[in-house]
Structure formats: C-alpha cells, structure tokens
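Because the structure is predicted, anything quoted here is derived from the model rather than measured. Each chain gets a letter, A, B and so on, in the order the sequences are listed, and its residues count up from 1.
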Number of protein chains: 2
Amino acid sequence: MRDMPDPVPELEPAAAELMLAVGQLSRRIRSESAPHALSLSQASVLARLERKTGLSTADLARAEAMKPQSMGKILVDLERAGLVERHPHPSDRRQFLYRLTRRGTQMRQRGSALSRSWMIDAIARLDVCDRKRLIESLPVIRLVAES
Amino acid sequence: MRDMPDPVPELEPAAAELMLAVGQLSRRIRSESAPHALSLSQASVLARLERKTGLSTADLARAEAMKPQSMGKILVDLERAGLVERHPHPSDRRQFLYRLTRRGTQMRQRGSALSRSWMIDAIARLDVCDRKRLIESLPVIRLVAES
DNA sequence: TATTGTTATACTCTATAACTATA
DNA sequence: TATAGTTATAGAGTATAACAATA
C-alpha cells in the first residue's frame, strides 16, 4: 500500500544542487574558453569517436541527447577543421560513418589543454580529500547524464 | 629550483573528464527541461538571492561570472515572472537591489521539482556508494566553478 | 511507412558596443 | 574618471519544420 508515490524525497535537494553546480561550472567553462577552442559538444564527439569509431550522425545525436540536425552542424564544423572524416556506409546508402583523422586524434591527446589551464589550477588548489571526491564523482556524473 | 613550471600534469585528464561530464549533463538537463521551466541561470540567481538578499545587478553578474547586460535580462525576466522584485539602493541612486518575492521563495522551496524528476530517478538508481560520491562532490564542483 | 541526412528558420543564452545617469 | 544600468546588435548552440533519398 503506497500512501504517497513520492519517490525518495530526500534526493530532491541533491538533484537541485547538482543542477546548480553544473550550471555554474558550464558558464564558467564558457567564459574561460579561448576564442577558437572546441565547444563542449565538439570535444564530446571527438571523445566518443575515439572510444568507438564508425558512428553515424544519428548514432552520435542519440548518444549526445541532441537532434540529428544539430549534430549534423557539429560534424560539418569538425570535418571542415580536419578533425573527423566521413565515409559512406558499406551497405546503407543513406548513412555516413565518421572517424577521427590523425589531426583529430592528436587534438584528443594533447587536447586544448591550454583552455583548461584555469581548471587544472583550480583542481590543484583543492585539498587531497576534495580532489579525491571530485575525481571519484566523474564516472557517476556521466552515469546520471546518460541515464 | 624549478626545472619545469609544469603544475601537477596528472590533473589534466581529470580536468578533461570534468569538462566532458559537465557538457553532457548540461545538454541532458536542457533536453529534459519543461517548456516554461526556469533556466539554469535563473534558478542560480534565485538560489543566490535566497542565501543573500539585496544584491544588485552588478553583484549578481560578478557572482555568476556573467556580463551585467546578460544578468540584466535575466532579472527582467524573473521580475516579469513575479519571482523577484527590485528596490532603489538607499544611498546610491544608480543601483537597484533585488530580493525574492513570496512567489520566488515558494518556487525555491518546492522548486520546479517536476523538471528534475528524471534526475531524481537517475540518482535513486545509483548504488549507495555512487550516490555518496555524487553528493560529496557537489560542494567541490562549486569550489572549482567559483575559483 | 520509417529512417537518414539536408536545408531553412527560429529560439535561448550570453557577449560586445554605445549610451545615459550617478558617484 | 569610474561605475551602474539600459538598449541594440551579434554570435554560439540547439530546436522545429519541411524536404529528398533510401530502407
């Protein structure tokens, strides 16, 4: 007998805090980003193609929780920047499959570490416990994002 | 004698991961947000005014790492929605100080919990350890965002 | 009929530039 | 001269709508 459907009410403040924290950090990231740096979405696509190559526009759009039209624009920009290349799907002539170019792989490796320097400094200034907390939470945040 | 200025190089992957995680979660939040829900910035301003009332446009802009013109628009929208009200500064006739209305306080309390329900569910599905990791990391993320 | 991708258009959020009023 | 706020304009990022090609 469930009097209230109310599901784990004590998690509501945590969710609210998480939304605020993510909002503040993403604004801070944007305000610090260099003029021609990759956007968060572009970097996310490169990371995904490094983990699994040969994904289509629709695959990537689903994975990034974004419309195919929006992903299309991101991929056009990445291709023009020489970071990804596209090839026709072997059997389905509607699709194109994307993979990293050599330049895209290099970009993933040395990254645009420059535009993250402020964040590296901020993490370095944390005490050991907080740094541990932050690093351990990263896979959890992705779990929530992909849930 | 410092051969290399290189500051804690092993933190670079953590920073890269944090940027990707924040990017994915903020896109997920946007894609789940209800049509007329508050934006992350609007919610952040309400939270800040709850903690400390009587802040000006410039105060809030600095706190949220945003230009005063951008904050001005956010405050106009919040005022039109009846969530904040502004009053002239007692001595400086250039400034206006903002505070939550009753409706704004209510919005903070019950929040737009509706638009967070997917996130609450996602957190509820985490195992106990991951949930603990997530919750403990939230103040640390804000430290980084405000650093 | 459903899906992939494209093109055109519009909306949200934030930034830059130029201005007025006050300190 | 510096700061607070306003107005106008522009850019990035993503969405919706309408379409063609293929499955």
Exercise. Has Thr57(B) got a side-chain N or O lying under 4.0 Å from the OP1 or OP2 atom of dG5(D)?
Worked result: yes
Seminar exercise, completed: Assign each of Arg30(A) and Val76(A) the nucleotide of DNA chain C bearing its closest heavy atom; nearer the 5' end lies the nucleotide of Val76(A)
Exercise. Would a distance-only check, ignoring hydrogens and angles, find a side-chain to backbone donor-acceptor pair under 3.5 Å from Arg103(A) to Ala81(A)?
Worked result: yes
Exercise. Hey, is the side chain of Ser39(A) poking within less than 4.0 Å of OP1 or OP2 on dA12(D), counting only N and O atoms?
Worked result: no
Seminar exercise, completed: To the nearest angstrom, the CG-P distance between Leu75(A) and dT14(D) comes to 12 Å
Problem set entry | Interatomic distance where NE2 belongs to His89(A) and P belongs to dT3(C) [whole Å] | 16 Å
Problem set entry | Nearest heavy-atom neighbours spanning Leu75(A) and Val45(A) | CD2-CG1, 4.0 Å
Exercise. Could you state the NZ-P distance from Lys73(B) to dT12(C), rounded to the nearest angstrom?
Worked result: 8 Å
Seminar exercise, completed: In this structure, CG of Leu97(A) is separated from NE2 of His87(A) (nearest 0.5 Å) by 9.0 Å
Problem set entry | Arg51(A), CZ: over 12 other non-hydrogen atoms inside 6.0 angstrom | yes
Problem set entry | Length of the line joining Gln24(A):CD and dT14(C):C1', which is rounded to integer Å | 16 Å
For this session: Using whole Å, report how far CZ of Arg86(B) lies from P of dG5(D).
Result: 9 Å
Exercise. Starting at CG of Asp59(B) and ending at P of dG5(D), how long is that distance when rounded to a whole Å?
Worked result: 8 Å
Exercise. Has the side chain of Arg131(B) got a donor or acceptor atom that lies under 3.5 Å from a matching backbone atom of Leu126(B)?
Worked result: yes
Exercise. Nearest-Å distance, CE (Met71(A)) to P (dT3(C))?
Worked result: 19 Å
Exercise. Which nucleotide sits closest to the side chain of Ile74(B): dG5(C), dG5(D), dT14(C)?
Worked result: dT14(C)
Exercise. In whole angstrom, what separates Leu38(B)'s CG from dC13(C)'s C1'?
Worked result: 14 Å
Exercise. Under a 4.5 Å side-chain heavy-atom rule over Ile, Leu, Val, Met, Phe, Trp and Tyr, are Leu40(B) and Val144(B) clustered together?
Worked result: yes
Problem set entry | Path from Met71(B) to Leu83(B) over hydrophobic side-chain contacts below 4.5 Å | yes
Seminar exercise, completed: Protein heavy-atom contacts under 4.0 Å, written 5' to 3' over nucleotides 15-23 of chain D as B (base), S (sugar-phosphate only) or - (none), form the string BBB---BBS
